[in-house]
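This chain uses plain numbering: 1 for the first residue, then up along the sequence. Computed from a prediction, not measured in an experiment: that's the story for all the values here. Ligands are counted one by one from 1 in listed order, and the atoms in each one are counted from 1 as well. In what follows, every heavy atom counts, from backbone to side chain, and hydrogens, waters and symmetry copies are set aside.
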Amino acid sequence: MDNLKNLRGTVDLLPDQLIKWQNVEKIVLEQLKRSSIKEIRTPILEMTELFIRGIGEGTDVVSKEMYTFLDRGERSCTLRPEGTASVARALIQNGISSNPLQKLWYMGPMFRYERPQAGRQRQFHQLGVEFIGYESVRSDVEIIALAWDILKKLGIKELNLEINTLGDLSDRLNFQNNFLKWLKINKNALDLDSQNRIDKNPLRIFDSKNIQTKKILENAPRLVDFLSEKSRKRYSDLKKQLEILKIPYLENFNLVRGLDYYTHTAFEITSGSLGSQATVCGGGRYDDLIKQMGGPSTPAIGFAIGLERLILLAGKELEAPRNTDIYIINQGLISEILAMDLSRKLRNYDLIVELDLSGASFSKQFKKANKLKAKSIVVIGDDEAANKEFTIRLFDKASTENKELAISFEDDITLEKWLINNLLIK
Ligand code: ATP
Ligand code: MG
């Protein structure tokens, strides 16, 4: 086993770490449920073609980051780098016209071949939400508010919402003509990556992290100045409605999502406490995607939250496990069987019950219960077994009031009363 290790950029999540993951997921899922959003699960593996068409060849994800391989049938397959293309495919394939309005979420691993660093992995996880068939600006507002509220519910501070609009296809073509002219003149001043994007995906140049490029771009034409009247109105409605909801935003005219199919609203939520990988949520409208993929023309908007970054941001209080409610100390042949039986009965009350399987001395078992901070203990030894009863008490050594109570294995009424009074079961 010496040299068997996980692949670079992948991580094991161990039980202690997963407590926080589970607590975070629980809060997120409750919020999604309250918003009437339903889950969808699509395969992790898809045909490579799906992502080339659904994300776009000129994007970083498709050109540099995909995990692609030939399967045994010589088909080109790719581990999904994001969720939207798969969701769109699944909807088209399963008959979108019979269900044209859908609010959906998904959660799971994504794969991108990137340089691993804090907040950036090769296998990471995303929670995504997609509103399919929704066109009005109210759906943009609802989805932004949802992302915002999820992050707030997790107690995350220092959040910044940045918004922009990319207009529709014709606004973008209008802008692009102008921008290309400007690029011709300014090409040599840009960094190499940006120069390479001129032919493939000029909009993405706005995404450059290069400081000099950023400075030069300050004088570039801005997409927002090329919007049609209708697109401009849509954007100002979005801002008005966010203001009514008291969701603070910043306009960032350089915010372009990398994917070809985005239209109108684009947004990102960043956190000041994340360091260089500051974006925790990215989203936007993609009215042209489903049609482009062969489905009926269907407006849609969605976002994805990176769960690793979300976990980094969520409060420490979510790291604490729920304590064991009852620790069952037991020893002796008959006692062990009675203890096993009782543990099953107690778990029916939705209590966390740990049955000690060690067969060790009572004092060792007590120590273990103590270490776990169990709220109460049950003791079953030879004497108890002979009397067909067990003893139960709150596990608080300091208190003398918590006297042991002996309860017969048959006497469910007394047991329930004790549980209601001491462990507050309902
Ligand atoms: P970035 O600028 O960080 O590369 P992106 O634009 O590639 O982000 P999206 O495709 O919008 O990211 O994905 C949405 C979210 O998923 C990101 O905001 C981030 O939180 C998370 N994410 C993306 N790539 C990774 C990764 N390699 N490791 C961990 N989280 C990631
Ligand atoms: Mg990226």
(message) Within the supplied structure, the quantity of interest is the number of heavy atoms (other residues, nucleotides, ligands) at a distance under 6.0 Å from Arg344 CZ; does it exceed 12?
(response) no
(request) Verify the neighbour count for atom CG of Leu70: are there more than 12 heavy atoms of other residues, nucleotides or ligands below 6.0 Å? (result) yes
(message) Can you check which of Leu310, Thr279, Val256 brings a heavy atom nearest to atom 18 (O) of ligand 1?
(response) Thr279
(request) For Gly119, take its heavy atoms, then give the atoms of ligand 1 lying under 4.0 Å from any of them. (result) 28 (N), 29 (C), 30 (N)
(message) Quick check on contacts: which atoms of ligand 1 are under 4.0 angstrom from a heavy atom of Gly306?
(response) 15 (C), 16 (O), 20 (O), 21 (C)
(request) Give the numbers and elements of all ligand 1 atoms closer than 4.0 Å to a heavy atom of Gln126. (result) 13 (O), 14 (C), 15 (C), 16 (O)
(request) Measure from NZ or CZ of Lys103 to the centre of the six-membered ring of Tyr134 and say whether it is under 6.0 Å with the direction within 45° of the ring axis. (result) yes
(request) May I ask you to list the atoms of ligand 1 that are less than 4.0 angstrom from any heavy atom of Val280? (result) 18 (O), 20 (O)
(request) Using side-chain hydrogen bond (donor to acceptor under 3.5 Å, both in side chains) as the criterion, point out the one residue from Asp140, Thr165, Asp168 that pairs with Arg234. (result) Asp140
(request) Assess Arg172 against Phe226: is NZ or CZ under 6.0 Å from the centre of the six-membered ring, and within 45 degrees of the ring's axis? (result) no
(request) Return the orientation label for the Phe206 and Phe175 ring planes: parallel under 30°, perpendicular over 60°, tilted otherwise. (result) tilted
(message) With nothing but distance in play, are any N or O atoms of Lys209 less than 3.5 Å from an N or O of ligand 1?
(response) no
(message) List the residues meeting salt bridge (charged side-chain N to carboxylate O under 4.0 Å, His left out) with Arg322, not counting sequence neighbours, and say none if there are none.
(response) Asp325
(message) Is the contact between Glu308 and ligand 1 made by the side chain, the backbone, both, or neither, using heavy atoms and a 4.0 Å cut-off?
(response) neither
(request) Decide whether an N or O pair under 3.5 Å exists between Gln121 and ligand 1. (result) yes
(request) Number the atoms of ligand 1 from 1 as they appear, then name those within less than 4.0 Å of a heavy atom of Arg112, with their elements. (result) 5 (P), 7 (O), 9 (P), 10 (O), 12 (O), 13 (O), 23 (C), 24 (N)
